[in-house]
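First up is the structure itself, then whatever we jot down about it.
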There are 2 protein chains.
Amino acid sequence: MLKEETLSTPHDCTECPIRHRAVCARCESDELEVLEEIKYYRSFQAGQTVIWSGDKMDFVGSVVTGIATLTQTMEDGRTQMVGLLLPSDFVGRPGRDGSAYDVVATTDLVMCCFRKKPFETMMERTPHVAQRLLEMTLDELDAAREWMLVLGRKTAREKIASLLSIIARRDATLNLRTPQGALVFDLPLTREAMADYLGLTLETVSRQISALKRDGVIVLEGKRHITVPDFNRLLDEAGDDSDGGMFA
Amino acid sequence: MLKEETLSTPHDCTECPIRHRAVCARCESDELEVLEEIKYYRSFQAGQTVIWSGDKMDFVGSVVTGIATLTQTMEDGRTQMVGLLLPSDFVGRPGRDGSAYDVVATTDLVMCCFRKKPFETMMERTPHVAQRLLEMTLDELDAAREWMLVLGRKTAREKIASLLSIIARRDATLNLRTPQGALVFDLPLTREAMADYLGLTLETVSRQISALKRDGVIVLEGKRHITVPDFNRLLDEAGDDSDGGMFA
DNA sequence: GGCCTACTTTGACCCAGATCAAGCGCGCGG
DNA sequence: CCGCGCGCTTGATCTGGGTCAAAGTAGGCC
């Protein structure tokens, strides 16, 4: 869900139950009735667990507002975040019964849900929905595998830069640009959540953010508000290939 | 592709172009003609690169014999293996143009391929194929995310144990069992490949394998042949929950 | 305003795993 | 049969990031 390709697929129809054209009740009018019938909303408070790993999951849906994380936890408490759900991201596993990981709301969260069975029935009748979901899942798989490189081979500094560039890129359309072309955004995560995402400790996250600030790669106002004066510099710090001008 | 659910989905029809019922030319006779028409085989030598990251990929297919790896590489040479392809595993990205990572044959390899366009056309006409592929992709996504926990939070010893248990479990049906119930299998990877999979150096891999051997968790004959006297002990070393008796 | 709590930063020290550097052993070609 | 090379093991040392500890900061609530 962090890949470039997905950026274009959510659309801005605020009435859409799932903010993707392929499964949008408004934009695919032939599916409207079925979807409306099985649609409902759920909201969660910051910190609440939406689904526990292993629990039976009888719905699919998407984030409307707020942020949730997918995390895996070992018995001794070590946790690894394996995904980040931002508004318009799809949640669910058509054809699978239980959740494979905890889904935790990190801010107050509103989700739009569909009961799973009827949704699957609808899927069988409308092949392009399954195809769209397949493409979305392939994008998530790419994102997960890209993250494996970050976790396995990058240094702490590169990990931080990778995370910042992904967050900045993720909702590039929403981000402000200063007249000088700098990117401005708010970190949606605490230091601890960043650490869980990056396989680091929160102390190391804090130190590396301070270092990037000291070196002028980023400008920090408060703890969350970030300005990136030169996005290609950030990509360079992340060890990624420069993106060939998209943010030049 | 390393998840338990996938174990049951390949079937043993040796004539099958793709060893999954959902896309099997023999077992789904209505698709036979189309598939036969667009089917061809390719073979590769050990060490050969099947597809380079970013290359246009005009086919989908599956491994018939041999082993391939999915790897990502940084400019400075650091590499991370992001997937392991064993016989019957699916390769390809329906609806996506290029490959996202290098696919490298680690042994001599035979693949069964279908040209992508006609395969996609077939997919549009037969919805259950898209659904089956969606489920397979969800399994791979689970496996990738499970691996993120390994890469981000486990110690070197736990990483090795995790890899061994996954390889042992992966083709549990093929593995030998001694009268005492021990699992026996051959490592399909060099120490270096294991290191690239685990985000370690090959020296650390070697040391930890020696340690597991010294502690009696595994028995090594030669460099590749492994006996696991007590699978639950191995799972314990991996930091995983015991599997509730499947291998008890 | 002032305290409280949750989050963050910074410092000092330590250790798991990386790095550098020999050797080992086995299969293969001559 | 020997020697060469590649994959593997083992040892010595170094270091990035973890751990433990303390102090700084900011919002929320009385």
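Since we're looking at a predicted model, the values are computed, not measured. A note on names: the letters A, B, ... follow the listed sequences, proteins ahead of strands, and every chain is numbered from 1.
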Among [options], which is the nearest nucleotide to the side chain of [X]?
X: A/Leu220; options: C/dT9, D/dG17, C/dA12; answer: C/dT9
X: B/Leu200; options: D/dT9, D/dT19, C/dG17; answer: C/dG17
X: A/Glu203; options: D/dT10, C/dT10, D/dC8; answer: C/dT10
X: B/Ala156; options: D/dC8, C/dG17, D/dT10; answer: C/dG17
X: B/Thr201; options: C/dA18, D/dT19, D/dT9; answer: C/dA18
X: A/Arg207; options: D/dA21, D/dG18, D/dT9; answer: D/dG18

Assert: residue with more 5' nearest nucleotide on DNA chain C, out of A/Ile209 and A/Arg153, is A/Ile209
Rounded distance (Å) that lies between atom [atom2] of [N] and atom [atom1] of [X]:
X: A/Glu221; N: C/dT8; atom1: CD; atom2: P; answer: 17 Å
X: B/Asp196; N: D/dC8; atom1: CG; atom2: P; answer: 12 Å
X: B/Gln208; N: D/dG11; atom1: CD; atom2: P; answer: 14 Å
X: B/Glu192; N: C/dA18; atom1: CD; atom2: C1'; answer: 15 Å
X: B/Arg191; N: C/dC24; atom1: CZ; atom2: P; answer: 19 Å
X: A/Leu202; N: C/dA6; atom1: CG; atom2: C1'; answer: 12 Å
X: A/Ile160; N: D/dG16; atom1: CD1; atom2: P; answer: 16 Å
X: A/Leu189; N: C/dT8; atom1: CG; atom2: P; answer: 10 Å

With the threshold set at 4.0 Å, does a side-chain nitrogen-carboxylate oxygen contact exist between [X] and [Y]?
X: B/Arg157; Y: B/Asp215; answer: yes
X: B/Glu140; Y: A/Arg145; answer: yes
X: A/Arg78; Y: B/Glu158; answer: yes
X: B/Arg233; Y: B/Glu237; answer: yes

So, is [X] close to the [N] phosphate, meaning a side-chain N or O under 4.0 Å from OP1 or OP2?
X: B/Ser210; N: D/dT10; value: yes
X: B/Thr190; N: D/dG7; value: no
X: A/Arg224; N: C/dT8; value: yes
X: A/Ser206; N: C/dT9; value: yes

Does NZ or CZ of B/Arg169 fall inside the cone over B/Phe231's six-membered ring, less than 6.0 Å from its centre and within 45° of the axis?
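Pair B/Arg169/B/Phe231 does not count as cation-pi.
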For DNA chain D, whose closest nucleotide is more 5', that of A/Lys154 or that of B/Gly222?
B/Gly222
